[in-house]
Structures are given as structure tokens and as C-alpha cells.
There are 2 protein chains.
Amino acid sequence: METIKKWRKAQHMNIKKTDPVEATLELIGGKWKPLIIWHLTDKTMRFSELKKSLPKITQKMLTQQLREMEYHGLIHRKVYAQVPPKVEYSLTELGESLVPFLEIMCQWGTKYLKNVKNKAED
Amino acid sequence: METIKKWRKAQHMNIKKTDPVEATLELIGGKWKPLIIWHLTDKTMRFSELKKSLPKITQKMLTQQLREMEYHGLIHRKVYAQVPPKVEYSLTELGESLVPFLEIMCQWGTKYLKNVKNKAED
DNA sequence: TGGTATAGTACCTATTAGGAAACCATTGAT
DNA sequence: ATCAATGGTTTCCTAATAGGTACTATACCA
């Protein structure tokens, strides 16, 4: 676990104010991960369902992001031994713990979009 | 305003569940913006102070990120007409409204780092 | 026999981030 | 008069990351 190694190093240094934020960003930073978590909230989804929900992501990116999130323990990947293949993704407990965070993000974004809309109508 | 144009377009479409999250990510997505906001919480900082607080950022990136955030109305940039130059950055009201969000991020990250640390000690 | 469906890979290009150094205007020291 | 220092920004080049398109494996179905 890369992250654990980094922490082991960090233990011997001063922990800065920014470290927790940086740690969080390492797990869910980037364009796609928050959206993936948001879609997996309260439901399990197959690869193709996620792809449909995020039309602008490429398959490569989706695979890559899912793998990283699995590696970091945010999501669970369940492969069904059948043809055509079936793979289901769901949030782990750690992943679920990020949902409140996503909710705030969504609330903030909703308000922001309303503001922008009002200004556009002036 | 690029964002406004996008919204004007979006008004005529169905607004999807993910839109507010995407909108938020457009403003504070990326590696540096959350950290910059976090540092500007409750205080005004000069360019060079920010640079010192974020040793890993390059000057170019810092300038770029600050400009984008100013453009999106998250921060205020005050230039003092003096030599050597002095530029102070502070959060706008909109920027301040993101602070609770950063606080949650920091709390989550703190907990996460503790967990990782405990596992590392096993 | 050929087509479909699913979850990917492989390969190549485009975009973005990062690093080093130059720039600019002005002050103060030599 | 010249020259270094200052602080924010810019330029140029390279490295890293994202994106697009095509391809694979395998069983089932027509």
C-alpha cells in the first residue's frame, strides 16, 4: 500500500494542517471519482451501467478510476464467472463514509447553479 | 463567463443528478484549489506566503490556479501599487461558502490517516 | 456461420502539469 | 551610473496524464 508507506514516512515528520486534505484529494481527487461515488450511492452498478451514467467518460478512464478506487478500498469489485462477463461495483464502508461529503458538494453546486442562472437572466 | 454560457445551454436540457457535482468540480477540482482555499480560510495571504505554505506547487501553477479562482469569483485579488509589488489574496463570500466543505474534507482525511496509521502498526 | 453482448486492453495522440529561467519596474547600495 | 534585490508573472520545454479508436475473449443465439 503506497499510502501506508507514505504515512509511515510522515509519522517521523511534522504533520501539517494540509495533510488530511491532501490525503483526501489523493483518494478522490480528479474529475471522475466523485461522480462515480455519487452514482454508486445506495446502489450496486455494473460496469456498463456506470458507463451509461457517465457518457463522457471513456472506457479506459472508467476502468482506471475504478481500479484505483478499489486499490484504495473505496469500492468493491465483484466478478461473476459467466459469459458475457458481469462485474458489479459497490461502495465499501470507507466509500460510504464519503457520501455525506458528496451530498454537501451537490447542495453547494445546486445553489451555485441557481445563482449563475439568476445572473444569466438579468 | 464560460460557466454562464454552459448553463444557458443546459437550461434547455434535462438537468441530470450529476450536474451540481460536476459544476462544483469545475470550480474546485484539481490538485491545488482546495488547498489554496484551505490556506486562505480566515486570513488574507500574499502570493509569496501561499507559495511558502504550498512548497510543492510551482509559481506558474500557483499563478494559474489563483487566476482561475479569481475568474470564478472564489477569491479576491488586491494589488498594492508599490515596489516591490505586493498582491494579497482573500476568499470572497462565495469562496467562504466552501469552507465547511473543506472542513469536512479535513475531518475525513484526519480519520482516514489515523486508520491507515493503525493498520500500519499491526 | 456469423452476429451480439460485456468488460475490458493496447496503442497512439492531445491536453495539462511541472521545472528552470527570464522579465519587469523600481528601490537602494556601490 | 551601474548593479543586485524584490515579488509576481511569463515563457519555453519536457514529463505526466487524459482521451479516442480499435481490438480481444467467450458463450449464446439466429
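Chain letters run A, B, ... following the sequence lines, proteins first and then strands; every chain starts at 1. Bear in mind the structure is a predicted one, so any value in this text is a computation, not a measurement.
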Heavy atoms from C-beta onward define the side chain here; which of [options] lies closest to that of [X]?
{"X": "A/Ser48", "options": "D/dG7, C/dA17, C/dA7", "result": "C/dA7"}
{"X": "A/Phe47", "options": "D/dG19, C/dA7, D/dT9", "result": "C/dA7"}
{"X": "A/Lys60", "options": "C/dA7, D/dG19, C/dG18", "result": "D/dG19"}
{"X": "A/Met61", "options": "D/dG19, C/dA7, C/dT9", "result": "D/dG19"}

At under 4.0 Å between heavy atoms, what does A/Gln82 touch on the DNA or RNA strands: base, sugar-phosphate, or nothing? nothing
Heavy-atom nearest nucleotide on DNA chain D for A/Pro85 versus A/Glu68: which residue maps closer to 5'? A/Glu68
Could you check A/Trp32 against B/Val87 and say which one's nearest nucleotide on DNA chain D is further toward the 5' end? B/Val87
Measuring to OP1 and OP2 of C/dG8, would you say a side-chain N or O of A/Tyr89 lies under 4.0 angstrom away? yes
Phosphate contact (D/dT9 OP1 or OP2) by B/Arg67 side-chain N/O below 4.0 Å: yes
Any side-chain heavy-atom pair from A/Phe101 and A/Ile37 closer than 4.5 angstrom? no
Heavy atoms only: give me the nearest B/Lys51-B/Thr58 pair and the separation to one decimal. CE-C, 4.3 Å
The bend of the helix from C/dT1-D/dA30 to C/dT30-D/dA1, taken between the axes of its five terminal pairs at each end and rounded to 10°, is 30°
Rounded to the nearest angstrom, tell me the gap between atom [atom1] in [X] and atom [atom2] in [N].
{"X": "B/Lys51", "N": "C/dG18", "atom1": "NZ", "atom2": "C1'", "value": "12 Å"}
{"X": "A/Lys86", "N": "D/dC28", "atom1": "NZ", "atom2": "P", "value": "16 Å"}
{"X": "B/Leu62", "N": "C/dG19", "atom1": "CG", "atom2": "C1'", "value": "15 Å"}
{"X": "A/Arg46", "N": "C/dA7", "atom1": "CZ", "atom2": "P", "value": "4 Å"}
{"X": "B/Lys56", "N": "C/dG19", "atom1": "NZ", "atom2": "P", "value": "11 Å"}
{"X": "A/Gln65", "N": "C/dT9", "atom1": "CD", "atom2": "P", "value": "14 Å"}
{"X": "A/Lys78", "N": "C/dA7", "atom1": "NZ", "atom2": "C1'", "value": "17 Å"}
{"X": "A/Ile57", "N": "C/dG8", "atom1": "CD1", "atom2": "P", "value": "13 Å"}

A/Leu62 side, atom CG; A/Phe47 side, atom CZ - distance, nearest 0.5 Å: 4.0 Å
Excluding sequence neighbours, so at least two apart, what forms side-chain hydrogen bond (donor to acceptor under 3.5 Å, both in side chains) with A/Glu88? A/Tyr80
5' precedence on DNA chain C between A/Thr63 and A/Pro84 (nearest-nucleotide basis): A/Pro84
Nearest nucleotide by nearest heavy atom, which residue falls closer to the 5' end of DNA chain C, A/Val83 or A/Gln59? A/Val83
Does a sphere of radius 6.0 Å around NZ in A/Lys86 hold more than 12 heavy atoms from other residues, nucleotides or ligands, not counting ones at 6.0 Å or beyond? yes
With a sphere of 6.0 Å drawn around CD of B/Glu93, does it hold more than 12 non-hydrogen atoms of other residues, nucleotides or ligands? no
Are the charged groups of A/Glu49 and A/Lys43 less than 4.0 angstrom apart, N to O? no
By side chain to side chain contact (heavy atoms under 4.5 Å, CB included) - contacts of B/Arg67 (at least two apart): B/Thr63, B/Glu70, B/Arg77
